[in-house]
Amino acid sequence: MADTRSRPLSPHLTIWRWGPHMLVSILHRVTGVGLSFAGLGILAWWLYALSAGSDAYAKFEAALNYQFYRVPLMLIVLIGLTWAFFQHLLSGIRHLAMDSGAAFELGVNKTFAILTVIGSVVLTAGLWFYLLGGVK
Amino acid sequence: MSRGESATPLGRVRGLGSAQHGGEHWLTERVTSIALLFLGSWLITSLLLLPKLDQRTLSEWLHAPSGAIPMALLVIVGCRHALDGVKVVVDDYVHQEGSRFVWNTLLLFLAVGGGAIALFALARIAFGATA
């Protein structure tokens, strides 16, 4: 691509008016990258700690409960990752529908984009309310 | 599809995105995403259904085939899907052939290495003595 420097690039973020579909498209990419590195990284770390005996697992649990000036950093990361998981899952379903050629009409497309965001927030809130809210 | 001299300009570029190839890559990404739809839902549901989330309960869960097999699939398919997905980002934003190769190679090593660590840990839980 080095010899094509003068070729015009396709119009990018700055010139479009923001809309839900655009937000969801970018969220899909951002959450995907986050899940790839942080999500799979923590999954591997968790499995390794689990396999390495009770001392190692105690260290993992201590890391999860780590607080920075009473702010539970790792818990916030985990909540963020579950939100990223639900957002990526829902917008992934939306992309699969669009791959089939469906849901390109402006109204439908916008509605489904908004629904993925609402859905991911509701699912994340519900999951953590269940885990932390004393239902268990 | 022929891409010889006789092809029209449109015929020569059709199907070539910023990566210059990749129909198979595109399809793999979709197929793994469908698998992860099930495996991801399985992980969340299983964790919610476990009576406790301490080391003993979790180890027993992954010691049994019903836990170990889906988890192994989740690790393998998850790493493949992550690699395929992050490659799209690299292909979009890294324009130089050399740096793109370096990035994609590093990410391949990271995905395979991370997956190997997770699978080794899982095997140790699944084939080890019950906790």
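Chain A is the first sequence line, chain B the second, and so forth, proteins listed ahead of strands; every chain is numbered from 1.
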> Is any side-chain N of the basic residue among B:Arg56 and B:Asp54 closer than 4.0 Å to the acidic one's carboxylate O?
Replying inline: no
>> Could you measure the distance from the OH atom of B:Tyr93 to the CZ atom of A:Arg29? Nearest 0.5 Å is fine.
In response: 4.5 Å
>> What verdict does the side chain to side chain contact (heavy atoms under 4.5 Å, CB included) test give for A:Leu27 and A:Trp83, after you've listed the backbone C-alpha separation in whole Å, the side-chain angles of each residue and the deciding distance to 0.1 Å?
In response: CA-CA 11 Å; A:Leu27 282 182; A:Trp83 168 75; 3.8 Å; yes
> Where does B:Val89 contact chain A at under 4.5 Å (heavy atoms): side chain, backbone, both or neither?
Replying inline: both
> Given a strict heavy-atom distance threshold of 4.5 Å, which part of A:His88 is in contact with chain B: side chain, backbone, both, or neither?
Replying inline: side chain
> Checking heavy atoms, do the side chain of B:Leu36, its backbone, both or neither come under 4.5 Å from chain A?
Replying inline: neither
> Does B:Thr57 reach the main-chain N or O of B:Leu53 with its side chain, forming a donor-acceptor pair under 3.5 Å?
Replying inline: no
> Is chain A contacted by the side chain of B:Leu110, its backbone, both, or neither, given a heavy-atom distance below 4.5 Å?
Replying inline: side chain
>> Just so I understand: if I count every heavy-atom pair under 4.5 Å between each of A:Asp99, A:Val33, A:Leu89, A:Leu127 and chain B, which residue has the most?
In response: A:Asp99
> Between B:Val75, B:Ile44, B:Leu62, which shows the greatest number of heavy-atom pairs under 4.5 Å with chain A?
Replying inline: B:Ile44
Can you give each donor-acceptor pair under 3.5 Å made by side-chain atoms of residues 55-76 of chain A, sequence neighbours left out, with the distance rounded to 0.1 Å?
| unit_1 | atom_1 | unit_2 | atom_2 | d |
| --- | --- | --- | --- | --- |
| A:Tyr57 | OH | A:Trp46 | NE1 | 3.1 |
| A:Asn65 | ND2 | A:Glu61 | O | 3.1 |

> Which region of A:Leu35, side chain (C-beta onward) or backbone (N, CA, C, O), has a non-hydrogen atom less than 4.5 Å from a non-hydrogen atom of chain B, or is it both or neither?
Replying inline: neither
>> Quick check against the 3.5 Å criterion: does B:His63 have a side-chain atom that pairs as donor or acceptor with the backbone of B:Ile125?
In response: yes
>> Which atoms of A:Leu96 are under 4.5 Å from chain B, going by heavy atoms: the side chain, the backbone, both sets, or neither?
In response: side chain
